[in-house]
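Structure first, commentary second.
Only a predicted model underlies this, so the values are computations on that prediction, with no experimental measurement involved.
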Amino acid sequence: MQWGRSYRVNETSVAAERLDDEIVVVNFTSGRYYSLRGTGAEVWRLLEAGQTPESIAEAYGASS
């Protein structure tokens, strides 16, 4: 992984919907869905907001 890059959702293959404190992510290609809560939901929101993996890791105290 290259630090400093931000990522975005491939909206033709994946959809996400916030339901209260949960984010449900559906992958249309595989047919799988995921339920994100707590830290997982917050990381998803930060990635959607354009944060880099490095900045998210730093916010949670991880070192690179």
Side-chain angles (χ1 to χ4, degrees):
M1 177 184 301
Q2 293 182 348
W3 294 116
R5 293 182 128 182
S6 61
Y7 296 86
R8 62 187 171 93
V9 174
N10 179 349
E11 295 177 350
T12 60
S13 299
V14 176
E17 184 74 28
R18 183 177 179 180
L19 305 167
D20 297 322
D21 63 342
E22 174 186 29
I23 295 178
V24 176
V25 180
V26 179
N27 181 319
F28 300 124
T29 304
S30 69
R32 294 185 177 155
Y33 68 93
Y34 306 89
S35 170
L36 305 176
R37 294 177 180 258
T39 304
E42 182 60 25
V43 167
W44 184 270
R45 285 191 286 270
L46 292 170
L47 287 170
E48 282 191 319
Q51 296 293 314
T52 64
E54 181 178 45
S55 68
I56 295 169
E58 288 174 2
Y60 283 93
S63 59
S64 53

For this session: Report the residues that fulfil salt bridge (charged side-chain N to carboxylate O under 4.0 Å, His left out) with R37, sequence neighbours left out, ordered by chain and then residue number.
Result: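 Testing R37 for salt bridge (charged side-chain N to carboxylate O under 4.0 Å, His left out), a comparison that skips the adjacent residues, returns D21, E22.
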Exercise. Should we say atom OH of Y33 is surrounded by more than 12 heavy atoms from elsewhere, each under 6.0 Å from it?
Worked result: no
Problem set entry | Separation of T52 OG1 from E58 CD (nearest 0.5 Å) |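 It is 7.5 Å, given to the nearest 0.5 Å.
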For this session: Sequence neighbours left out, what passes side chain to side chain donor-acceptor pair (under 3.5 Å) with T29? Give chain and number order.
Result: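 Scan of T29 (side chain to side chain donor-acceptor pair (under 3.5 Å), adjacent residues dropped) gives none.
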Problem set entry | For R18, all residues meeting side chain to side chain donor-acceptor pair (under 3.5 Å), sequence neighbours excluded | none
Results of side-chain contact (heavy atoms from CB on, under 4.5 Å) for [X] - residues two or more places apart only:
| X | answer |
| --- | --- |
| R32 | S30, Y34 |
| T39 | V43, Y60 |
| A16 | I23, V25, W44, E48 |

Exercise. Mind checking whether L36 and V9 sit in one hydrophobic cluster, side chains of I, L, V, M, F, W, Y counted as touching below 4.5 Å?
Worked result: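 Cluster IDs for L36 and V9 match.
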For this session: Heavy atoms only: give me the nearest Q51-I56 pair and the separation to one decimal.
Result: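 Nearest pair, atom of Q51 first, then I56: CB-CG1, 3.9 Å.
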For this session: Please name the pair of heavy atoms, one in G50 and one in S6, separated by the smallest distance, quoted to 0.1 Å.
Result: O-CB, 3.4 Å
Problem set entry | S13 side chain to N10 backbone, donor-acceptor under 3.5 Å |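 The answer is no, because no donor-acceptor pair under 3.5 Å joins these two groups.
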